[in-house]
Amino acid sequence: MSNSAFHFLLLFLTLFLHLTIVFSWKKEEFRNCNQTPFCKQARSRKPGYCSLIATDISVVDGNVNAKLIPKTSDQDSNPLILTLSVYQDGILRLKIDEDPNLNPPKKRFEVPDVIVPEFETKKLWLQRVSTEVIGGDSEPSSVVYLGDGFEGVIRADPFEIFVREKGGKRILSLNSHGLFDFEQLRVKKEEDDWEENFRGHTDTRPYGPQSISFDVSFYESEFVYGIPEHATRLALKPTRGPGIDHSEPYRLFNLDVFEYLHESPFGLYGSVPFMLAHGKSRGTSGFFWLNAAEMQIDVLGAGWDADSGISLPSDQARIDTLWMSEAGVVDAFFFIGPGPKDVARQYTSVTGMPAMPQHFAVAYHQCRWNYRDEEDVELVDSKFDEFDIPYDVLWLDIEHTDGKRYFTWDKVLFPNPEEMQKKLSAKGRHMVTIVDPHIKRDDSYYIHREATQKGYYVKDAKGNDYDGWCWPGSSSYLDMLSPEVRDWWGEKFSLQNYVGSTPSLYIWNDMNEPSVFNGPEVTMPRDALHYGGVEHRELHNAYGYYFHMATSNGLVKRGNGQDRPFVLSRAIFPGTQRYGAVWTGDNTADWDQLRASVSMVLTLGLTGISFSGADVGGFFGNPEPELLVRWYQLGAYYPFFRAHAHHDTKRREPWLFGERNTEIMKDAIRMRYILLPYFYTLFREANTTGVPVMRPLWMEFPYDEATFSNDEAFMVGKSLLVQGIFTEKAKSVNVYMPGEQAWYDLRTGITYKGASNHKLGVSEESIPAFQRAGTIIPRKDRLRRSSTQMVNDPYTLVIALNSSKSAEGELYIDDGKSFEFEQGAYIHRRFVFSDGKLTSINIAPGASGKSQFLSNCIVERIILLGHSSGSKSALIEPANLKVDVELGPLWLRGSKGPLVPTIRRPNVRIADDWSVKIL
């Protein structure tokens with residue numbers, strides 16, 4: 001057999017093995033906790049295990065410093081160095097690491113480029129600490145003031161860190177159960193056997209075990225949330241405790257998982273070690289551990305520590321958790337809230353606010369693995385026009401390349417890529433192509449040749465370029481931890497380097513966990529080496545983050561820093577929100593996965609990653625028309641709205657399922673386009689506050705216990721409530737509508753009482769959605785081919801009056817593509833309806849009140865839900881113009897509800913100050 005034939009056979013067998021693994025979900029291909037030494041060991045420890053005490057507490061450079069030493073001298077352990085820092089807005093940061101003065105074998109990895117530089121400017125320079133004896137302790141505790149009546153406490157013996165209300169109840173604590181453990185690096189001795197083996201793969205572990213584990217408790221809390229990415233319910237279920245058998249911890253280890261299971265704690269494509277807790281009495285708190293190594297987290301059920309003898313406040317309900325990581329350092333943040341939006345703001349002040357997307361990216365995306373060729377692209381594009389369905393982005397998967405070589409085009413299938421993109425661009429549409437991290441090992445491929453010459457690849461444990469298998473066959477992986485490599489990669493996206501690309505082309509990063517078909521657990525070996533001698537085990541969960549970062553920065557460079565990038569990533573990590581959108585990966589066309597998509601997208605939003613969605617229709621399998629229709633109806637409210645499918649599925653563009661289903665899916669897509677002004681305004685809110693676009697009900701109604709575990713309904717902003725339909729042939733659905741105010745059916749305007757459950761009949765035409773009384777939603781009701789063609793269209797304002805006959809809302813507008821909004825080039829208006837008058841108020845900063853961004857768009861309709869129809873006219877000021885108030889439809893097309901009071905053609909400019917008084 002020739003060498004090339006051998007390699008082809010090996011590639012075929014590797015790919016066949018990979019597909020066999022992923023399609024059948026063989027859980028034995030992946031490690032469980034008992035097969036993971038650091039997890040098994042940490043879980044076996046009993047409360048009170050930790051014998052460390054805090055000594056030599058002092059204030060140095062504005063921080064509280066201390067040493068952690070064993071209580072008894074017979075334990076062979078070097079002191080650990082503890083640093084406690086306080087930041088504005090009630091954030092406490094805890095760092096614990098080995099003492100560099102004692103010359104450990106290497107420096108433990110601290111994740112760079114996640115904490116935003118401006119966060120460090122918010123540090124409060126402590127001058128001193130006060131002391132206090134807690135309970136019957138033999139040593140005094142040290143207390144630091146966090147502001148607004150909160151304190152951080154270092155308890156010396158037993159060692160513990162907690163945050164409390166001043167002199168009062170606890171909020172968060174670490175090591176309250178004495179489960180803290182920190183395995184220090186060692187120099188290998190002849191008798192040491194540190195190797196780990198799993199399914200034929202050997203991890204050399206050259207520095208030995210280096211795990212860290214500790215318990216964290218959340219007080220006055222009823223549920224915990226967060227730590228994506230898992231296909232589980234929004235409220236995290238206990239994984240250990242009385243009555244819980246054989247449950248795995250929640251695993252955070254980025255993996256390429258096809259057809260993932262719902263209701264599983266197994267780790268998926270991304271990892272964000274940030275957990276929020278919420279309860280009615282105290283509110284919300286959060287805990288974040290900046291660590292990129294594999295992590296396992298237990299949520300401990302009530303009674304798990306019944307026989308521990310540990311004494312904690314008995315008057316405070318709490319949820320205990322156990323955090324376990326293979327490597328790294330302790331770099332942990334305590335967020336005290338007290339509201340859910342406070343915690344969102346506090347967390348994103350550390351890791352960065354979500355990027356402001358381009359306007360087109362908020363619209364509908366059409367994707368498939370793969371659109372075959374230019375003729376197929378042109379046909380799909382023309383069919384959207386033929387059926388009058390708007391869309392903004394057409395995507396190309398790996399088959400568009402020349403033999404899976406990224407930045408290339410198949411010259412037979414895509415001979416004229418620039419012309420193809422320009423045809424789309426002429427209609428205001430864009431294209432996205434895929435660029436993955438595996439680089440084909442082919443000396444004739446310029447990317448591989450350059451990377452090899454420059455030494456830019458990740459190395460194996462022996463120091464050679466790591467060689468793994470992925471779609472192109474034999475592949476190497478760029479070492480994105482290196483700033484030099486990231487800069488080099490970014491240059492590849494220039495129009496000169498990416499031949500065949502145009503300014504309307506954007507990028508999709510897939511397989512960046514990283515996926516390695518023949519690697520342990522379908523990923524890179526843990527003892528592979530990165531820039532600075534960092535082991536892959538230490539940064540695994542951040543690899544895709546750095547790849548996403550480099551790609552996003554490359555698109556910014558391509559546009560000379562003028563245009564915002566659009567890059568979709570599958571792998572995620574804290575800070576991902578700064579670089580683009582994500583999706584929930586390779587889901588399946590079934591009803592359970594449709595339901596799981598809601599909790600997954602909500603969880604991503606809670607942890608800063610607001611621009612997310614799930615593959616509409618399910619990536620694998622062939623959805624029945626009813627499921628596909630329901631998915632479009634739900635997906636229209638995801639922050640990221642994209643249909644996608646595997647190449648083995650039947651084609652499923654919206655016009656392929658009969659006239660009736662096409663009309664319903666078209667209606668769902670149109671709803672998204674009508675609501676684009678509202679969505680774009682919410683993305684700006686996320687960009688400035690960290691509050692997600694799609695929110696759990698309890699984020700808007702934090703004292704309503706009926707919302708705390710509800711993840712079948714969700715809020716889009718503060719104004720819309722959406723209830724999914726998750727069962728086949730459903731005739732009715734129960735919808736809980738929180739709050740004391742009424743809710744207006746989004747399509748009919750019919751009102752429903754708040755703080756109530758409603759059993760509603762459902763039809764195939766739509767899923768239940770409601771506008772909250774007291775809100776104003778901006779719309780654009782004229783429908784075009786794409787969002788780009790809607791820019792100059794007029795607005796409709798839908799005013800939903802509450803019991804006080806008042807309402808308010810906002811509208812944010814900028815040029816939709818550049819970074820000029822960061823210099824104030826935008827329009828931001830607040831609309832207030834009170835005492836029968838609607839007022840438009842400028843809330844953009846600046847003494848002059850003048851924006852650098854100009855718009856001549858007008859308001860063409862004002863709809864008054866909940867207003868009596870007795871009024872016949874309205875006065876517009878300052879124009880001193882009277883206009884009619886008449887009964888009109890809620891929707892220009894297909895409105896089926898009662899006619900509602902409407903002001904037609906007030907023709908006020910959206911950028912101006914004005915008022916409309918109902919007479």
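Note that the structure is a prediction, hence the values are computed from the model and not measured.
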Taking the six-membered ring for Trp, is the centroid-to-centroid distance between Trp471 and Phe517 below 6.0 Å? yes
Students often mix this up, so state it plainly: with edges at 30° and 60°, are the rings of Phe360 and His365 parallel, tilted or perpendicular? tilted
Any chance the rings of Phe407 and Tyr446 have centres within less than 6.0 Å? no
Please confirm whether Arg570 makes a cation-pi placement over Tyr543, using NZ or CZ under 6.0 Å from the six-membered ring centre and within 45° of the ring normal. no
Donor-acceptor contact below 3.5 Å, side chain His448 vs main chain Tyr445: no
Would you verify whether the NZ or CZ of Arg785 falls within 45 degrees of the ring axis of Tyr391 while also being under 6.0 Å from that six-membered ring's centre? no
Side-chain contact, heavy-atom cut-off 4.5 Å: Leu604 with Thr584? yes
Can you say whether the rings of His647 and Trp369 are parallel (under 30°), tilted (30 to 60°) or perpendicular (over 60°)? perpendicular
For Asn464, enumerate each residue passing the side chain to side chain donor-acceptor pair (under 3.5 Å) test, keeping only those at least two apart in sequence or located in another chain. none
Report yes if the distance between the aromatic ring centroids of Tyr347 and Phe274 is under 6.0 Å, otherwise no. yes
Find out whether the Lys NZ or Arg CZ of Arg672 is both under 6.0 angstrom from the six-membered ring centre of Phe640 and within 45° of the ring's axis. no
Please assess Arg486 against Glu484 for the test salt bridge (Lys or Arg N to Asp or Glu O under 4.0 Å), listing each intermediate value before the final yes or no. CA-CA 5 Å; Arg486 294 200 299 269; Glu484 180 182 335; over 6 Å; no
Do Phe547 and Trp489 have ring centroids that are under 6.0 Å from one another? yes
Suppose we call two aromatic rings close when their centres sit under 6.0 Å apart. Are Trp508 and Phe566 close by that rule? no
Cation-pi geometry met for Arg642 and Trp583 (6.0 Å, 45°): yes
With side chains defined as the heavy atoms from C-beta onward, is the minimum distance between Glu229 and Ser271 less than 4.5 Å? no
Do Asp467 and Ser475 have side-chain heavy atoms sitting under 4.5 Å apart? no
Does the cation-pi check pass for Arg684 over Tyr826, that is, NZ or CZ under 6.0 Å from the six-membered ring centre and within 45° of its axis? yes
Aromatic centroids of Phe611 and Phe683 separated by under 6.0 Å: yes
